[in-house]
Amino acid sequence: MQSTAPILILGASGWLGHYLMPELLRRQPNSSLVAAFASTAPFFQSDKIQAIRLRSSEPDTLKNLKVKVIVNLCRGETPEDFRFHQSLIAYCNEHGARYVYASSYNAVDADVSKPHPESEAPESQSEYGKFKAQCERELEKNSGNFTVFRFSATHGWAPNRIARTEEFLKKLKHGEVVKVSQGVIQNRTFIGDLASMVSSLVLDEHATGLFHLGTSDASEEVIFLRKLALAFGYSEDQVIASDPNPWNAHLLVDRWSKLYPNLPLPTENETIHKVSQQPQLQVFRKSVSI
């Protein structure tokens, strides 16, 4: 998509938004972004980004915006958030804009006994997943031009909160033993790689419908975290397997590979390498005594 019409990023101050905005500007330097936030301004700033305060309780603010793509990265979950989601659909239908919606693996967590293909209809057992499933169904029913992406676990440094990766490394640095449930299977993606994949969908007007995004492979959480511990210089013995909790959150990534055959999927080993190289996380690297 070569249009330089503004792209509206909802939830721009969040984890994915922080990595997505510079990636969009890198790929399309003439882009202009409208970065919407509810309370905390985006950590990443640029003269090509207009930051605005926009809450789900104030949908009328949309009337003053003229954008061609809306990217909704907000978590949501409340009835008010769902009504806002409906207003975004209506805006896009009225103005000929495309709606890119960040869903979640949880939208299909009703059955955790097997991996999840993109053909799996949204059906959830978790409250968060039920909201995401409801939003997916609303798009399918009423949107004229939309893209939905589901993703599983992400790792890396987050700007405005302590993400799971940092929590894990902090425990290792303090010498704690980390207990991890057995049977939790996910494909775990470096947040920068996820942002890169999302930017491809945002800038491609032909990338419509539902996509799974993530690494090409998956593993048990205890195995992945042991590898991550080793990458930061700790013993894998600090990560121990606890009681079984069979939970398959492996998203099968199919449509991405068919649409972008020249863009290989990342792997979990790449996730570990890229996380271990992030400057903000080097404070957790174990020092070696000589």
Side-chain angles (χ1 to χ4, degrees), residues 1 7-11 14 16-17 20 24 68-77 81-82 84-86 88-93 96-126 128-154 185-189 191 193-218 248-261 263-266:
M1 184 177 71
I7 299 171
L8 173 61
I9 310 291
L10 299 167
L16 180 54
L20 177 60
L24 288 171
K68 282 299 182 181
V69 182
I70 294 177
V71 184
N72 187 357
L73 306 178
C74 298
R75 182 177 175 88
E77 291 188 78
D81 293 326
F82 182 69
F84 184 59
H85 177 65
Q86 291 176 309
L88 294 173
I89 293 174
Y91 175 96
C92 289
N93 288 342
R98 185 159 64 99
Y99 188 0
V100 180
Y101 181 69
S103 187
S104 167
Y105 146 73
N106 293 98
V108 289
D109 69 10
D111 183 358
V112 295
S113 65
K114 60 184 186 302
H116 304 273
E118 288 161 325
S119 59
E120 187 172 358
E123 195 67 39
S124 176
Q125 60 176 297
S126 65
Y128 176 60
K130 289 176 182 176
F131 177 85
K132 289 299 186 181
Q134 181 186 26
C135 289
E136 284 191 22
R137 289 191 289 266
E138 188 70 13
L139 281 165
E140 186 68 39
K141 179 181 177 181
N142 292 316
S143 176
N145 188 2
F146 71 92
T147 303
V148 172
F149 62 93
R150 297 171 182 157
F151 60 99
S152 191
T154 51
I185 301 173
Q186 295 176 304
N187 37 346
R188 300 166 181 83
T189 313
I191 186 65
D193 285 338
L194 178 62
S196 178
M197 298 177 81
V198 173
S199 70
S200 294
L201 299 182
V202 171
L203 297 174
D204 184 354
E205 60 187 11
H206 302 294
T208 59
L210 185 141
F211 290 82
H212 284 176
L213 301 182
T215 55
S216 58
D217 54 348
N248 196 320
H250 180 194
L251 292 178
L252 301 176
V253 182
D254 184 45
R255 292 194 66 212
W256 168 273
S257 298
K258 291 179 179 178
L259 186 61
Y260 307 114
L263 297 177
L265 293 172

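Every heavy atom of this structure was used, including side-chain atoms; hydrogens, water molecules and symmetry mates were not. Quick caveat: nothing in here was measured; it's all calculated off a predicted structure.
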Heavy-atom closest contact ([X] atom, [Y] atom, distance):
| X | Y | value |
| --- | --- | --- |
| Ala218 | Ile185 | CB-CG2, 4.2 Å |
| Asn145 | Arg98 | OD1-CD, 3.3 Å |
| Trp256 | His212 | CB-O, 4.4 Å |
| Thr208 | Phe211 | O-CE1, 3.5 Å |

Treating [X] as the side-chain partner and [Y] as the backbone partner, does any N or O pair qualify as donor plus acceptor under 3.5 Å?
| X | Y | value |
| --- | --- | --- |
| Ser199 | Leu24 | no |
| Asp109 | Gln125 | yes |
| Lys114 | His250 | no |
| Asn93 | Asn142 | yes |

Set of salt bridge (charged side-chain N to carboxylate O under 4.0 Å, His left out) partners for [X], sequence neighbours left out:
| X | value |
| --- | --- |
| Glu123 | none |
| Asp193 | Lys274 |
| Asp217 | none |

Parallel, tilted or perpendicular, judged at 30° and 60°: which one describes the rings of Tyr99 and His85?
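Rings of Tyr99 and His85: tilted, as their planes differ by 30° to 60°.
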Within the structure provided, determine whether [X] and [Y] are in side-chain contact (heavy-atom separation under 4.5 Å).
| X | Y | answer |
| --- | --- | --- |
| Leu16 | Ile191 | yes |
| Phe84 | Leu10 | yes |
| Glu120 | Pro117 | yes |
| Val100 | Phe149 | yes |
| Asp81 | Cys74 | no |
| Ile7 | Leu203 | yes |

Only counting residues at least two apart or in another chain, list the ones meeting side-chain contact (heavy atoms from CB on, under 4.5 Å) with Ala249.
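So Ala249 forms a side-chain contact (heavy atoms from CB on, under 4.5 Å) with Tyr105, Ser152, Gln186, Trp247.
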My understanding is that only residues two or more places apart in sequence, or in another chain, count here; which of them pass side-chain contact (heavy atoms from CB on, under 4.5 Å) with Ser196?
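side-chain contact (heavy atoms from CB on, under 4.5 Å) list for Ser196, sorted by chain: Glu23, Arg27.
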Pairs meeting criterion salt bridge (charged side-chain N to carboxylate O under 4.0 Å, His left out) with involvement of residues 136-148, two or more places apart:
Glu136-Arg150
Yes or no on side chain to side chain contact (heavy atoms under 4.5 Å, CB included) for Leu213 and Val253, after CA distance, side-chain angles and deciding distance?
CA-CA 6 Å; Leu213 301 182; Val253 182; 5.5 Å; no
Hey, what do you get for [atom1] ([X]) to [atom2] ([Y]), rounding to the nearest 0.5 Å?
| X | Y | atom1 | atom2 | value |
| --- | --- | --- | --- | --- |
| Ser200 | Leu259 | OG | CG | 9.0 Å |
| Ile70 | Ile89 | CD1 | CD1 | 10.0 Å |
| Tyr260 | Met197 | OH | CE | 9.5 Å |
| Thr189 | Leu251 | OG1 | CG | 9.0 Å |
| Arg75 | Lys132 | CZ | NZ | 8.0 Å |
| Leu265 | Ser257 | CG | OG | 4.0 Å |

